[in-house]
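The structure under discussion appears below in the form of C-alpha cells.
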Amino acid sequence: SKQKEQSSDFSGCDIEKARQLLEEGLFEIGITKENFSFNLSYTSSCVMEPIAQHLKSQFKQHLGIECHLHPCPYHLVFKMMTEGKFHMAL
C-alpha cells in the first residue's frame, strides 16, 4: 500500500491527495500550478505574522504554489471577508 506523506504539523493530512485535488481544480479552471498564486490577507499583528509565514512556506513546500502575504489592519480584513473580496484570510 502507498504510504501517506505526512507533515509533523498535521499528522493526519494526506499531501498526495491535496496535490491531486489541487491539480484537478486547476485543470477545471484551465490554469497550471506554475501560473497560479493567491493572496493571504491577515490581521497585522505579532500573533498572525508567524502563522501567515508558516502557511506560506507550507503551501510552497507541499503544494508548490505561491502565496502572497498581505498584512492589513483588522477592520480591513473584516471588511474584505464580509464583502467576499479575498482569496484567503486569517
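By convention here, the first residue in the shown sequence is residue 1.
- Of the charged side-chain nitrogens involved, at least one lies within less than 4.0 Å of a carboxylate oxygen, so that E83 and K79 count as a salt-bridged pair.
- When all heavy atoms are compared, the tightest approach of V77 to C72 is CG2-CB, 3.7 Å.
- F78 and V47 fall into different hydrophobic clusters, where Ile, Leu, Val, Met, Phe, Trp and Tyr residues are linked whenever their side-chain heavy atoms come under 4.5 Å apart, directly or through other members.
- The closest side-chain heavy-atom distance from L55 to L90 is below 4.5 Å.
- The backbone N or O of Y74 sits nowhere less than 3.5 Å from a side-chain atom of T43 that would complete a donor-acceptor pair.
- Within the 4.5 Å cutoff, the side chain of F38 has heavy atoms near those of the C67 side chain.
- No continuous path of hydrophobic side-chain contacts links L21 to F27 [ILVMFWY only; heavy atoms under 4.5 Å].
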> Going through the distances and angles, do E24 and Q20 end up as a side chain to side chain donor-acceptor pair (under 3.5 Å)?
Replying inline: CA-CA 6 Å; E24 289 173 9; Q20 174 192 343; 2.9 Å; yes
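- Using a 4.5 Å cut-off on side-chain heavy atoms (C-beta onward), S57 and H54 make contact.
- A single hydrophobic cluster is not seen to contain both L40 and M81; linkage of ILVMFWY side chains at heavy-atom distances under 4.5 Å, directly or through other members, places them apart.
- Using a distance-only test at 3.5 Å, with no hydrogens or angles considered, no donor-acceptor pair links the side chain of H70 to the main chain of S41.
- Each of H68, H87, E66 was scored for a side chain to side chain donor-acceptor pair (under 3.5 Å) with S37, with one residue passing: H68.
- The two residues S44 and P73 have their closest heavy-atom pair at OG-N, 3.8 Å.
- Considering every non-hydrogen atom in both F86 and M80, the closest pair reads CD2-O, 3.5 Å.
- For the pair L63 and R19, the minimum side-chain heavy-atom distance is below 4.5 Å.
- Annotation: side chain of L69 is in contact with side chain of Y42 (closest heavy-atom distance under 4.5 Å).
- Distance CG/L22 to CD1/I15: 11.5 Å, rounded to 0.5 Å.
- Here K85 contributes atom NZ and N39 contributes atom CG; the two are 15.0 Å apart, rounded to the nearest 0.5 Å.
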